[in-house]
There are 2 protein chains.
Amino acid sequence: MASTGTKAADILETAENLARNRGYHGFSYRDIAAKVGIKSASVHYHFPTKADLGVAVARRYTDRFLAALGDPRDPKTAPRLLLARYAAAFRKSLVEDRQMCLCGLFGAEVAVLPAPVAAEVRGFFERSVEWLQVVLARDGSGGAVDEAESRRRALTILAALQGAMIVARTLGRVEVFDDIVEGTISSPSTPLTAGMKAD
Amino acid sequence: MASTGTKAADILETAENLARNRGYHGFSYRDIAAKVGIKSASVHYHFPTKADLGVAVARRYTDRFLAALGDPRDPKTAPRLLLARYAAAFRKSLVEDRQMCLCGLFGAEVAVLPAPVAAEVRGFFERSVEWLQVVLARDGSGGAVDEAESRRRALTILAALQGAMIVARTLGRVEVFDDIVEGTISSPSTPLTAGMKAD
DNA sequence: GTCTATAATTTGATAGAC
DNA sequence: GTCTATCAAATTATAGAC
């Protein structure tokens with residue numbers, strides 16, 4: 001099924017897909033093995049414990065997510081386009097992949113995560129907020145752009161999008177996600193939904 | 001441990017506390033039995049299947065949550081006070097109980113919930129949005145108050161608060177929750193944080 | 001209503017052959 | 001690196017005595 005790249009990469013890819021639908025305790029080494037086409041003992045060879053696997057999956061997810069967003073300081077890309085790209089990333093996973101954000105789901109389960117996995121999820125949120133904060137500091141349309149205010153707005157956008165995925169998935173309505181994006185990001189002037197479906 | 005009321009009530013109370021920290025698949029009949037002081041077979045007597053238990057827990061949670069909020073149409077209570085009360089309910093569960101919103105966590109796990117349980121979570125979101133919508137329609141400070149706009153703002157508040165609990169819990173910082181509330185609800189005029197710590 | 005006992009399955013993980 | 005075989009523990013759930 002997932003047969004691109006090395007075995008370790010296939011395992012990570014499969015584990016991520018399972019985790020984003022079922023949560024950390026919702027997938028097993030046997031689930032992964034069956035999808036990759038090996039035995040569960042072979043999965044343990046690559047990732048000795050489930051915490052090891054969880055850490056690897058979360059780190060890979062975070063790196064890939066941020067890389068896809070691009071440099072928040074790139075002068076060639078308008079801040080509001082970057083914001084639209086951020087929302088579009090979540091929307092794509094919701095609509096095309098029909099999956100949660102890995103760290104949104106893991107974050108909800110943080111009390112039952114092994115400590116090293118929880119630390120990775122924390123890293124995703126911290127790096128996400130930092131990325132958004134840089135973008136928001138460049139965007140003057142929202143008013144004040146001091147440190148505290150841009151951080152607060154970054155946290156608000158992150159939280160709203162994570163919540164939007166949960167509510168939209170549960171209600172089975174994509175429009176709910178779009179409504180929340182509209183209500184959160186594009187308060188000042190231009191609606192962001194236009195550029196959102198791109199990419 | 002949970003020894004108020006009937007056995008069935010103790011089971012529901014215990015199950016809710018476990019579910020709000022560990023998620024639907026993160027607690028077992030034995031966990032509940034041990035805390036209540038009976039055997040797991042006795043839990044099955046009251047709630048034959050785990051789906052039965054999940055439905056009962058979610059419905060009880062939803063009813064209690066909405067009852068605590070009060071009538072959104074009550075002319076004696078200002079809309080903005082009702083909004084503050086809504087945010088305060090989540091804040092209390094975050095700070096005092098150190099627990100997630102049951103339906104926020106279940107919503108994140110919706111793909112692995114038995115269908116009847118998922119339906120109850122949907123009910124929580126629908127009733128929450130309806131409650132917020134009524135309040136927002138009464139509150140003119142946000143500008144337009146037409147049906148579509150108030151619904152969109154209701155969804156946005158719900159999503160932001162659910163996301164806020166996840167992010168604040170994962171980062172281990174209550175201030176993060178407060179920042180998001182500030183950035184979501186009290187955009188127009190008066191800050192809501194004042195009345196938030198009450199109740 | 002609560003218990004003992006147990007079934008049937010699944011889980012994460014390891015030992016050791018190849 | 002991958003396999004077979006296996007372990008110890010945990011899971012939901014049921015049968016039947018009291």
Side-chain angles (χ1 to χ4, degrees), chain A residues 1-58 105-106 109 111-118 120, chain B residues 1-58 105-106 109 111-118 120:
Chain A
M1 186 154 263
S3 51
T4 328
T6 69
K7 260 319 148 48
D10 288 357
I11 291 169
L12 287 173
E13 170 81 11
T14 303
E16 180 186 313
N17 287 332
L18 288 169
R20 287 172 65 184
N21 272 314
R22 309 186 191 172
Y24 183 78
H25 289 100
F27 68 94
S28 71
Y29 270 63
R30 277 176 179 76
D31 291 331
I32 297 167
K35 293 224 181 202
V36 174
I38 55 179
K39 296 297 173 180
S40 71
S42 302
V43 181
H44 277 284
Y45 169 80
H46 293 282
F47 303 96
T49 72
K50 197 174 180 183
D52 294 328
L53 177 58
V55 165
V57 167
L105 214 176
F106 276 11
E109 296 176 315
V112 281
L113 293 183
V117 180
E120 291 297 327
Chain B
M1 187 155 261
S3 50
T4 328
T6 70
K7 266 305 153 53
D10 288 356
I11 292 169
L12 287 173
E13 170 81 10
T14 303
E16 180 186 311
N17 287 332
L18 288 169
R20 287 172 66 184
N21 271 314
R22 309 186 190 171
Y24 184 78
H25 288 101
F27 68 95
S28 71
Y29 271 62
R30 276 179 179 74
D31 291 332
I32 297 167
K35 293 222 181 203
V36 174
I38 54 178
K39 296 295 174 180
S40 70
S42 302
V43 182
H44 278 284
Y45 169 81
H46 293 282
F47 303 96
T49 72
K50 197 174 179 182
D52 294 327
L53 177 57
V55 165
V57 168
L105 215 175
F106 277 11
E109 297 176 315
V112 282
L113 293 183
V117 181
E120 291 298 326

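Atom set for the values below is all heavy atoms of this structure, side chains included, hydrogens, waters and symmetry mates excluded. Bear in mind the structure is a predicted one, so any value in this text is a computation, not a measurement.
- Here the side chains of B/I32 and B/L53 are in contact, with some heavy-atom distance below 4.5 Å.
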So which protein N/O to nucleotides 8-14 of chain D N/O distances come out below 3.5 Å?
unit_1 : atom_1 : unit_2 : atom_2 : d
D/dT11 : OP2    : B/S28  : OG     : 3.4
D/dT12 : OP1    : B/F27  : O      : 3.4
D/dT12 : OP1    : B/K50  : NZ     : 3.0
D/dT12 : OP2    : B/Y29  : N      : 3.1
D/dA13 : OP2    : B/K50  : N      : 2.7
D/dA13 : N7     : B/H44  : NE2    : 3.3

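- Side-chain nitrogen and oxygen atoms of B/S42 include none within less than 4.0 Å of the OP1 or OP2 phosphate oxygen of C/dG1.
- The shortest side-chain heavy-atom distance between B/K50 and B/Y24 falls under the 4.5 Å cut-off.
- A salt bridge is defined here as a Lys NZ or Arg NE, NH1 or NH2 lying under 4.0 Å from an Asp or Glu carboxylate O, and B/D10 with B/K35 fails to meet this definition.
- Atom CZ in A/R22 sits about 14 Å away from atom C1' in C/dT11, given to the nearest Å.
- Among the nucleotides D/dT2, C/dT4, D/dC3, the one closest to any side-chain atom of B/K39 is C/dT4.
- In this structure the side chain of B/N21 never reaches within 4.5 angstrom of the side chain of B/L105, judged on heavy atoms.
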Report, one line per pair, each donor and acceptor closer than 3.5 Å where one atom sits in a side chain of residues 36-48 of chain A; sequence neighbours left out.
unit_1 : atom_1 : unit_2 : atom_2 : d
A/H44  : ND1    : A/P48  : O      : 2.9

